[in-house]
Amino acid sequence: MPSPTASATARLRAAAGAIAALGACACFLLAGCSPGPPSATAAPAIARHAALSAPAVTGAPATGAVPGQPRLTGLAASQSIIYTASLTMRAADVRAAASRAATLATAAGGYVSSESTRANHAHPAEATVFIQLKIPVASYQATLATLAGTLGTRLSLSQQAQDVTLTVADVSSRVASAQAAIAALRGLLARAGTVSSLLAVQDQINAEEANLEALLSQQRALSHATSYGTVSVLLVSRRPPPAGHPVKITGGFAGGLAAGWHALRQLASWLLTGIGAVLPFTAFVAAAIFLGFRGRRWLARRRSGPAQPAD
């Protein structure tokens, strides 16, 4: 049962709201009945009176402002949290893993918001898939744990939680004030006395409705962001196995023979590699030496030439 003090406070607030509304109506009717055109500040003043006559929003934001907000463990029911996570997994078949991630998100009541695949045709084993999931907050933690444990080998996982309770409360309060102002202006529009007053009130209603649409759009975006957690999953392929294995050297004569044979093969491989790398330069140098030698002999013959006869 409410206390006498609370009842008296409520009656005083109702009386104040009624007085403010009557004052706004009186100002508007006086402006409408006057022969001259209304001042430019009449419509904004009416909107301010209508907003002041609306009941104030106190305390925590109403739960209806953010539909679907679950009661989270360790958090108050009125808190609004945006959850995001980034998960990197290594899987043998990235496409099959992406399909399983989408199935898990759908089973939890979520959906796939985006997906992209990057394939390497030269190396098919190096394909990667990026998939972004929207998961209801009620099953966010359980689904994230399932994704990290069933898609493959977890390489990294990071989580973030952003508290937007104050933003949600501010937007909800502004929406309520805008709706109350529009309702009051429409009531005054029905009692407008002159055409100029009618146009002024209608312009103010249009401005308030545009502001209300922007606030409602922001409220819907916040509601969706706090109702669904975002999980960004990067799936990479497994690394291919090494091509060769190191030679195991055993002791004894057989082990020494195997080690010497292996060393001889390595030496021969290095020598052949070096010869192959030097051979193009050797041919070029040999050709240059040959041409230089022939040119030198030709110049020597020209200098010697046939002997001139004496007079």
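Here the structure is a predicted model, which means the values were calculated and not measured.
Every residue was checked against the side-chain hydrogen bond (donor to acceptor under 3.5 Å, both in side chains) condition with Ser139, not counting sequence neighbours, and none meets it. Partners of Thr230 according to the side-chain hydrogen bond (donor to acceptor under 3.5 Å, both in side chains) rule, which considers only residues two or more places apart in sequence or in another chain, are Lys134. Remark: Glu209 engages Arg186 in a salt bridge (charged side-chain N to carboxylate O under 4.0 Å, His left out) (not counting sequence neighbours). Listed by chain and residue number, Gln202 satisfy the side-chain hydrogen bond (donor to acceptor under 3.5 Å, both in side chains) test with Asn206 (two or more places apart in sequence, or in another chain).
Counting all heavy atoms, side chain and backbone alike, Ala98 lies closest to Glu115 at CB-OE2, 3.9 Å. Across Glu208 and Ala181, no two heavy atoms sit closer than the pair OE1-CB, 4.4 Å. The heavy-atom pair separating Arg95 from Ala127 by the smallest distance is NH1-CB, 4.4 Å. For Gly229 against Tyr140, the heavy-atom pair with the smallest separation is CA-CD1, 3.8 Å. Across every non-hydrogen atom of Met89 and Arg154, the tightest pair is SD-CA, 3.5 Å.
Here the straight-line distance linking atom OG1 of Thr167 with atom CD of Gln218 works out to 8.0 Å at 0.5 Å rounding. Distance CD/Gln79 to OG1/Thr226: 12.0 Å, rounded to 0.5 Å. Atom CG in Leu87 sits 7.0 Å away from atom OG in Ser156 (nearest 0.5 Å). Considering CZ of Arg90 and CG of Leu235, their distance stands at 11.5 Å, rounded to 0.5 Å. Note: Leu151 CG to Thr88 OG1 = 11.5 Å, rounded to the nearest 0.5 Å. Here the straight-line distance linking atom CG of Asp170 with atom OG1 of Thr165 works out to 12.5 Å at 0.5 Å rounding.
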Contacts table for residues 103-113: side-chain donor-acceptor under 3.5 angstrom, sequence neighbours left out:
{"residue": "Thr103", "atom": "OG1", "partner": "Ser99", "partner atom": "O", "Å": "2.9"}
{"residue": "Thr106", "atom": "OG1", "partner": "Ala102", "partner atom": "O", "Å": "2.9"}
{"residue": "Tyr111", "atom": "OH", "partner": "His224", "partner atom": "NE2", "Å": "3.0"}
{"residue": "Ser113", "atom": "OG", "partner": "Gln132", "partner atom": "O", "Å": "3.2"}
{"residue": "Ser113", "atom": "OG", "partner": "Gln132", "partner atom": "OE1", "Å": "3.0"}

Please table the atom pairs, donor to acceptor, closer than 3.5 Å between any side-chain atom in residues 273-287 and protein atoms at least two apart or in another chain.
{"residue": "Thr273", "atom": "OG1", "partner": "Ser269", "partner atom": "O", "Å": "2.7"}
{"residue": "Thr282", "atom": "OG1", "partner": "Val278", "partner atom": "O", "Å": "3.0"}

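Grouping the Ile, Leu, Val, Met, Phe, Trp and Tyr side chains by contacts below 4.5 angstrom, directly or via other members, places Tyr228 apart from Ile131. Put simply, Tyr83 and Ile135 are part of the same group of oily side chains (I, L, V, M, F, W, Y) that touch within less than 4.5 Å, one to the next. Transitive grouping of hydrophobic side chains (ILVMFWY, heavy atoms separated by less than 4.5 Å) keeps Leu199 and Leu189 in distinct clusters.
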Evaluation steps, side chain to side chain contact (heavy atoms under 4.5 Å, CB included), between Arg294 and Phe290: CA-CA 6 Å; Arg294 292 294 301 270; Phe290 176 76; 3.7 Å; yes

Stepwise side chain to side chain contact (heavy atoms under 4.5 Å, CB included) check, Arg174 with Gln219: CA-CA 10 Å; Arg174 292 167 64 188; Gln219 189 180 55; over 6 Å; no

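By the neighbour-count criterion of 12 heavy atoms within 6.0 Å, atom CG of Leu264 is densely surrounded, having more than that number from other residues, nucleotides or ligands.
Val236 is not listed as a side-chain neighbour of Val94, based on a closest heavy-atom distance of 4.5 Å or more. Contact annotation: the side chain of Leu234 never approaches that of Leu155 to less than 4.5 Å [non-hydrogen atoms, C-beta and beyond]. Considering only heavy atoms from C-beta on, Thr143 stays 4.5 Å or farther from Leu133 through its side chain.
No side-chain donor-acceptor contact under 3.5 Å links Ser217 to the backbone of Glu213.
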